[in-house]
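Note that these values count all heavy atoms, side chains included, but never hydrogens, waters or copies made by symmetry. Letters A, B, ... mirror the listed sequences (proteins, then strands); counts begin at 1.
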Protein chains: 4
Amino acid sequence: MIHRFKPSKYYQTYGPNPPVLKIKPGDTLIASTVDAGGLNHEGNEIAPDMRQHSPDIIYNSSNPLTGPFYVEGAEPGDTLTVEIQQIKLTRSTAWSRIATNFGGLTEEAPGRRLLYNDPIPVTRYVWNLDNESMTASTTLTGSRYKNPVIPLNPFIGSIGVAPRYGRVEISLTPGEFGGNMDCPDVCEGATLLLPINQRGGLLVFGDIHAAQGDGELCGVALETSSELTLKIGVLKESIEWPRIINDEWIMVVGCSRPLMEAYKIAHVDMVNWLMTDYGFDKWDAIQLLSQVGKCRVANTVDPNYAVVAKFPKNQLPT
Amino acid sequence: MIHRFKPSKYYQTYGPNPPVLKIKPGDTLIASTVDAGGLNHEGNEIAPDMRQHSPDIIYNSSNPLTGPFYVEGAEPGDTLTVEIQQIKLTRSTAWSRIATNFGGLTEEAPGRRLLYNDPIPVTRYVWNLDNESMTASTTLTGSRYKNPVIPLNPFIGSIGVAPRYGRVEISLTPGEFGGNMDCPDVCEGATLLLPINQRGGLLVFGDIHAAQGDGELCGVALETSSELTLKIGVLKESIEWPRIINDEWIMVVGCSRPLMEAYKIAHVDMVNWLMTDYGFDKWDAIQLLSQVGKCRVANTVDPNYAVVAKFPKNQLPT
Amino acid sequence: MIHRFKPSKYYQTYGPNPPVLKIKPGDTLIASTVDAGGLNHEGNEIAPDMRQHSPDIIYNSSNPLTGPFYVEGAEPGDTLTVEIQQIKLTRSTAWSRIATNFGGLTEEAPGRRLLYNDPIPVTRYVWNLDNESMTASTTLTGSRYKNPVIPLNPFIGSIGVAPRYGRVEISLTPGEFGGNMDCPDVCEGATLLLPINQRGGLLVFGDIHAAQGDGELCGVALETSSELTLKIGVLKESIEWPRIINDEWIMVVGCSRPLMEAYKIAHVDMVNWLMTDYGFDKWDAIQLLSQVGKCRVANTVDPNYAVVAKFPKNQLPT
Amino acid sequence: MIHRFKPSKYYQTYGPNPPVLKIKPGDTLIASTVDAGGLNHEGNEIAPDMRQHSPDIIYNSSNPLTGPFYVEGAEPGDTLTVEIQQIKLTRSTAWSRIATNFGGLTEEAPGRRLLYNDPIPVTRYVWNLDNESMTASTTLTGSRYKNPVIPLNPFIGSIGVAPRYGRVEISLTPGEFGGNMDCPDVCEGATLLLPINQRGGLLVFGDIHAAQGDGELCGVALETSSELTLKIGVLKESIEWPRIINDEWIMVVGCSRPLMEAYKIAHVDMVNWLMTDYGFDKWDAIQLLSQVGKCRVANTVDPNYAVVAKFPKNQLPT
């Protein structure tokens, strides 16, 4: 069954918020998203009362999310599968920004406002998106090189389920529940697996990035709106951290601080995966992963950093 | 001029060791290397008296290095260029290992021997190398999947010059001087740039890896011997950290701990490079790097970790 | 006015939970607390329905808290003052524990379950408390030294207000709102200052430690029950991080990860305090703090670590 | 036997430098030191040719050191004991400084020169030392509080032996060999224990601090000259990290980065000490240390940070 969904409100938390729609495993969801700042497909800001903050406090946070969707039969301990069939960009511009005390080159939050550090000027960039050539262009006024044209690689910046404990109040956060992973591998053609913590899973998503480099260095990608086509399923098995599968790789996303901890989480869970599902001995799994694995630093900005461990499918037993 | 060089001794330090050969900018060097454990092209260990330890202490460290080569006219403040024309693997096997308290999944050194941690068993792997098909194979006795065949990606694990201050006594160390970066981008077709700290530069190299994943997770790659063809040059300009150029990317290697610090170093120096050599405004450089940059975690094992920031050449002004 | 309060329920979150009592600035509160595991003054576990988990999920977390207390006139941006007049220990035992994958000598959470790490056995300790001699004693069965008698230094392990954003679901967490700082300086005779984020402040407290070393190395102190006498006030000025004042020191508590970040936060906020309230020039403040400051590592266990920067009152201008 | 020694040269490295004097275990050494910048007891800079840099490079590094002293009978694997009988300050001034990109509030070295960070102005402070009242005073021109008078706590900032591997070229470095620990516990009345790595030990020392707070926040203490009286001994047993014993505490100094790693090293080695020398079971040792231990952050500035784990002597079995 295919559900076409147009949000009338947007949650800005991950948690047990009231579902906007119930769907069944196997169903397909076609739903629109607004950008990280709440601008819709026409570039207009959504109405203030469409934002569903924490019930406890009024705070205009980023990443208004579409959902939550309740998946029938999804129980804590199961795994939600999200097959990303299409990411359609729905407007011709994206914005980005250099922001004061934000991004991977400043001190780590929340200690950013260190007194040796002068605040940096906020600089805003508008990028024009060309869905035909799959490129984006902007104007760099201060540089010799004025008009970069860069390739698009659209992906879902924020996608997650209700976390294990309560509600994550700031939608900028990634974790075991997925969330704001800002991971370019969550793109068309990939299937995302998320551990289900609450009945129904309560899937939300948004914050589409038309393009982003590894690490999301300045903290902001090419932020834009979209229409997503997602096929939803439920597996009756447990995982601990978000996993991604595409034609070439199986992947685990580790989210933590410091950065090395996120790296370790992703790689340890990959070793566990190789042992549990593919019959590898522990030391063999480590040895083989050491020689053929790839690693992506997805973001170095959010309240948790995200690192992706990748193992090539052609090295899995058949 | 082409120099064919066969080492009769191997230094195991980075520093002002007596040069084995003087060459000129523009010369080509064809030189053999032994593997990280000191095994030569026949798989035999080099004679103990060929190892040039620190003059101060007898210690059988890893990574015996070929060189140092004195480059005439190379002055502190200049940049050494090493064009890697060929990496010829000279034997049909490589070894690897899981080692006690070594690798990126243990505690960070030197705190590894933590009392909550039981030592892990040493496990040795022999990999057969096939230079025709550019693959390696081994036997995994404990796993369901017995006979992986993986692609080769030969590169130079250790290559560096004399450091700014004295001698780095353990050749496992990477730093501003290059050294044991364990970075797969230092491969055939790439040009490595190193900051020259001492007159003549004093280039050394060794520790060839026939294959290695990102991060060198278990701490040991496919260790083997080689014959290298390197074209050496000198630029009369200064750099601060190792840089790599290939057909697609300009790259900076940051070496430090914690991991986030290596990440920052690489990206800051990339921004500096974009400003200095390519006319980018600082904020524009950060913005563009944020959207098109790639990042490689090269190793999470050595006394300093290594992270590579990559910027695509097709985004540079022409 | 003096309020005697005996809880009939215990929240296990920091947040906008319904107040159990309204008090006025200047009032004194005499209230009992149960220990970190929910054992009361008779050593009995509180009834399950007295635990107020996150409204969203059933989870038997640690640190059941007394409160929240609504302080009339306390507005966001104000500062709550808590004068700790008495910490009366209300039973003659405390418990402690070595726990699997917990404490400052393991990997950092949430990456603790690393595969190189075998789980450690859970070991429980019962300590007998002597309020006369202010000592505690236990039996070490496996050691040559069988019967340590250690000094008591009772303090409040967890004390905080509603955080800025929503609800902190796990009461093990410290942060800008105070919380589970596990800081021995929050003891009799000290005044704690907390930034008020929500109307009424919503003060909660519990998790009394009869004794604890710096860092709370194994993750568990001498956990016991208490009756607290606290005088509550409100200042019409803003602070960013918890502050403590006693006869000798002014102190700031920084809570974050990694540990260095908590260190920086505490010291930067101390410099700000010296500039704002005491007329120091920035560089002078840093210089003087560098020469006379003390620093306490309060805990290296919780979801955020806590570090205390201390400046001696006798170095403040009079 | 008492040796009075006046240096005619000062090494600026830790390593196998030629001894300036041979002494025997049990001997007492009375020797002068210059300050961290090379200023002697008259405040004059030592002659350039008195500085013994790395033999390899000319670099005017800090911390010129008195020694090395060769202790007869000291073999690798033994432990050197240094009883600090007197630290006599030999001039009436000390200097300190706020320096660009130095100290614990900046980014971590070597990534300090991050582009978001503007350089801070160098500010120099002169402190007048009063050996009678054991106080120091300076003038804070920019502050309301003009004339702080602070207590002296003189200690040896840098003291170490030749390291295990070769030579540590920058005398700012602490490590297993001791070195620039900048630890206020290395003061009059304390005995320092250092692991001997090279025959004779090769003890060096200098960099006296007339006063310093925890962490050496700005990177520079009250730097001055001294005459030291040290009684030297050798124990025929092995240790791994520097240890300090005074009337109240046994202590271990862990030196590493990140800060948490130094914390872990110090505490793990303290647990080992309690097990090996005092008959504690491992879990009992951790439990007791957790409840009675203290921890000092000695420095957050040097190439390695230093953290001290302290266990009270009155909790040791008698």
Side-chain angles (χ1 to χ4, degrees), chain A residues 96-98 103-105 108 120-121 123 125 127 136 138 140-145 148 150-151 211-222 258-260 263-264 267-268 271 278-297 300 305 307 310 315-317, chain B residues 96-98 103-105 108 120-121 123 125 127 136 138 140-145 148 150-151 211-222 258-260 263-264 267-268 271 278-297 300 305 307 310 315-317:
Chain A
S96 190
R97 197 174 52 193
I98 308 285
L105 293 184
E108 301 195 34
I120 61 166
T123 314
Y125 294 85
W127 290 83
T138 193
L140 305 177
T141 50
S143 299
R144 178 152 63 88
Y145 179 43
I150 69 171
Q212 183 203 294
D214 285 352
E216 201 186 17
L217 189 69
C218 74
V220 186
L222 267 61
L259 186 59
M260 188 62 190
Y263 172 91
K264 287 184 179 182
H267 285 84
V268 167
V271 171
Y278 298 103
F280 282 99
D281 162 76
K282 182 161 72 172
W283 309 120
D284 289 351
I286 295 175
Q287 169 66 207
L288 195 56
L289 177 58
S290 296
Q291 309 313 343
V292 303
K294 296 289 174 198
C295 172
R296 186 199 289 271
V297 176
T300 58
Y305 300 153
V307 170
K310 302 184 172 193
Q315 290 297 328
L316 294 173
Chain B
S96 191
R97 198 174 52 193
I98 308 285
L105 291 185
E108 300 196 34
I120 61 165
T123 313
Y125 294 84
W127 290 83
T138 192
L140 306 176
T141 52
S143 299
R144 178 152 63 90
Y145 179 43
I150 70 171
Q212 183 203 291
D214 285 352
E216 201 187 16
L217 188 71
C218 75
V220 186
L222 267 61
L259 186 59
M260 188 61 189
Y263 173 91
K264 286 184 180 181
H267 285 83
V268 167
V271 171
Y278 298 103
F280 282 99
D281 163 75
K282 183 161 72 172
W283 309 119
D284 289 351
I286 295 175
Q287 170 66 206
L288 195 56
L289 177 59
S290 296
Q291 310 313 343
V292 301
K294 296 289 175 197
C295 172
R296 186 199 289 272
V297 176
T300 58
Y305 299 154
V307 171
K310 301 183 172 193
Q315 291 297 329
L316 294 174

Check your understanding: Is A:Leu140 close to A:Pro148 at the side-chain level, that is, under 4.5 Å between some pair of heavy atoms?
Key ->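 They are in contact (side-chain heavy atoms under 4.5 Å apart), so the answer is yes.
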
Check your understanding: Does the side chain of A:Leu222 come within less than 4.5 Å of A:Tyr125's, by heavy atoms?
Key -> no

For [X], which atoms come within 4.5 Å of any heavy atom of chain B: side chain, backbone, both, or neither?
| X | answer |
| --- | --- |
| A:Phe280 | both |
| A:Thr138 | neither |
| A:Val307 | neither |

Exercise for review: Report the residues that fulfil side-chain hydrogen bond (donor to acceptor under 3.5 Å, both in side chains) with A:Gln212, sequence neighbours left out, ordered by chain and then residue number.
Suggested key: A:His209

**Study point:** Interface moiety of B:Leu288 toward chain A, non-hydrogen atoms closer than 4.5 Å
**Key:** side chain

Exercise for review: Select, from B:Arg144, B:Lys310, B:Gln291, the one with the greatest count of heavy-atom pairs under 4.5 Å involving chain A.
Suggested key: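 Winner by heavy-atom pair count: B:Gln291.
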
Specify which of [options] makes the most heavy-atom pairs with chain B at under 4.5 Å.
| options | result |
| --- | --- |
| A:Arg296, A:Glu216, A:His267 | A:His267 |
| A:Ala285, A:Ala221, A:Gly279, A:Ser290 | A:Ser290 |
| A:Thr141, A:Val220, A:Asp284 | A:Asp284 |
| A:Arg97, A:Gln315, A:Lys294 | A:Gln315 |
| A:Gly215, A:Ser96, A:Ala211 | A:Ser96 |

[atom2] on [Y] to [atom1] on [X], rounded to 0.5 Å:
| X | Y | atom1 | atom2 | value |
| --- | --- | --- | --- | --- |
| A:Thr300 | B:Tyr263 | OG1 | OH | 3.0 Å |
| A:Ile286 | B:Cys218 | CD1 | SG | 8.0 Å |
| A:Leu289 | B:Leu217 | CG | CG | 5.0 Å |

Check your understanding: Would a distance-only check, ignoring hydrogens and angles, find a side-chain to backbone donor-acceptor pair under 3.5 Å from A:Asp214 to B:Cys295?
Key -> yes

